[in-house]
Amino acid sequence: MARYVFITGGVVSSLGKGLASAALGALLQARGFSVRLRKLDPYLNVDPGTMSPFEHGEVFVTDDGAETDLDLGHYERFTGVAARNTDSVSSGRVYSSVLEKERRGDYLGKTIQVVPHVTNEIKDFLAVGDDEVDFMLCEIGGTVGDIEGLPFFEAIRQFAHGRPRGECIFMHLTLLPYLAASGELKTKPTQHSVKELQSIGIAPDVLVCRSEHPIPDREREKIALFCNVRKEAVVAAYDLKSIYEAPLAYREQGLDQAVLDAFGISPAPQPSMGKWRDVQDRTLNTDGEVKVAIVGKYIQLEDAYKSIKEALTHGGMANRVRVKVEWVDAEVFDSEDAAPYLEGYDAILVPGGFGERGTEGKIKAAQFARERKVPYLGICLGMQMAVIEAARNVAGLTAAGSEEFDHEAGKKRFEPVVYHLKEWVQGNAKVQRKTDDDKGGTMRLGAYDAVLTEGSKVAEIYGGTAIEERHRHRYEVDIKYRKQLEECGLQFSGMSPDGRLPEIVEWKDHPWFIGVQFHPELKSKPFLPHPLFADFVRAAVDNSRLV
Ligand code: GLN
């Protein structure tokens, strides 16, 4: 049976609970333990799939096709453990499952209540796979005291109560605000936050205190005394230059030791931090910088492209360069020349996206990159835009477009080079969708195999011809245009195993122009940069040296 660490937050949101959880996972792994991380989100959406990236940031897709919170991306990037559908749950999902059971009559006519029905549902979710790992780290979204979070707090309290003594601990993140006028760190908000937790029956074992200033011993003692935790279990979390310093920084502050002590695991195996030292070294000791433009739509909230930004950073680590990302709003040059907006970048990336807005600008960005021989990486919609650009401007199909935009506008304006896919093969099974299915979950989601063409650039980059990558899209490039486009030089160098769905395109006579229908960014890690991102950044470095 796994030991459980429940991670909660207080005082304010955005304290870096996800990062602390991910770093703790990495530290426990460094001591030889196996871990799995989970996120419990109090919002009522069934999953983040239908939430606006402007509001919620990126949707992180798992191998098994779940659309989850972006914190799961952090977990994977730090631990390398592939997240699963069962690692993310929201109130919406819990309630819909409870209501489904109620409709089916599973509760035998009982009155359905938050306690015990909703809390039991959460507890069942927590227990899934608890025989597979040494430690299960479960992060509760939001902050203690939020109305919608209460069932989750009650559920973790009951869960810990039902397990053998010492098998579950609680770690709470808070903020120590600094008052410049008096030159002091204030501990009162932390005390209140812990009180709030205690009032619902949870006593934290470890306190992680975010602070912009060093925490004096005196304050640490005070926090320990008033919050009823051991002094060594008051762990400081200072601001970092890079998130990838977090495992080493938390190690230095004794987070993993505090957690192991709380479980009474002694003596604990010594950690081996070589992997993270190398990551830190590659972050801090760089030689030069490349400038990459991300031409997108959701540029107001950088979290909308979180994994892409991180994957580019990993690509930089692979080449020991800093990658400076600049966000370019595609809509701005929808109807004007893109060149003035795109000159001066060493590489261009067009990320995934939904809807027509800004797509003419993205098509122009693909054209600019093709004509000017600037490295281009098109991801999902970014690949579709590159294909439409090729069809319109090279193959002479001037009306080329995507069915997605016609669907939106309710009329037929485009020749559908990119069309709505309603049936495909997953493993040995056929998957079918109707146009009017629910908005959530109607996409080709999760990991799919692809076969790469021998001798293509991508086969060389991947170092093989069999790959597996994660998908999240409804539309596909229509294979019926393959011959015509290949004759123009756009090679279809990656295909689904049945040969029906184009997975990768690349321009043959271009230094680096690749479009992929999947999301390679989701699988990149600092200690294992994704080959496409590593090579894309290498191409950007080469390009920067040309001038
Ligand atoms: N909107 C496109 C589709 O559904 C692309 C999706 C994406 O970029 N993730 O196919």
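Values below: all heavy atoms of this structure, side chains included; hydrogens, waters and symmetry mates excluded. As the structure lists them, so they are numbered: ligands from 1, and atoms in each ligand from 1. Everything numeric here is computed off the predicted structure, so don't read it as measured data.
- Here Lys306 pairs with Glu310 in a salt bridge; the nearest charged N to carboxylate O distance falls below 4.0 Å.
- The aromatic rings of Tyr305 and Trp327 sit parallel to each other, their planes meeting at less than 30°, with 60° as the upper class boundary.
- Ring-plane geometry between Tyr376 and Phe513 is classed as parallel, the angle between the planes falling under 30 degrees on a 0 to 90 degree scale with a further cut at 60.
- The line from CD of Glu58 to CD of Glu67 is 12.0 Å long, rounded to the nearest 0.5 Å.
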Between ligand 1 and the protein, which N/O pairs are shorter than 3.5 Å?
from: ligand 1; atom 1: 1 (N); to: Gly353; atom 2: O; distance (Å): 2.9
from: ligand 1; atom 1: 1 (N); to: Glu404; atom 2: OE1; distance (Å): 2.7
from: ligand 1; atom 1: 1 (N); to: Glu404; atom 2: OE2; distance (Å): 3.0
from: ligand 1; atom 1: 4 (O); to: Arg474; atom 2: N; distance (Å): 2.9
from: ligand 1; atom 1: 8 (O); to: Gly353; atom 2: N; distance (Å): 2.9
from: ligand 1; atom 1: 8 (O); to: Gly353; atom 2: O; distance (Å): 3.4
from: ligand 1; atom 1: 8 (O); to: Leu381; atom 2: N; distance (Å): 3.0
from: ligand 1; atom 1: 9 (N); to: Arg472; atom 2: O; distance (Å): 2.9
from: ligand 1; atom 1: 9 (N); to: His519; atom 2: NE2; distance (Å): 3.3
from: ligand 1; atom 1: 10 (O); to: Gln384; atom 2: NE2; distance (Å): 3.1
from: ligand 1; atom 1: 10 (O); to: Arg474; atom 2: N; distance (Å): 3.3
from: ligand 1; atom 1: 10 (O); to: Tyr475; atom 2: N; distance (Å): 2.8
from: ligand 1; atom 1: 10 (O); to: Tyr475; atom 2: O; distance (Å): 3.4

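- Of the residues listed (Lys39, Arg38, Lys17), the one engaging Asp71 in a side chain to side chain donor-acceptor pair (under 3.5 Å) is Lys39, and it is the only one.
- Ring geometry, Phe533 versus His530: the interplanar angle exceeds 60°, so the pair is classed perpendicular (tilted spans 30 to 60°).
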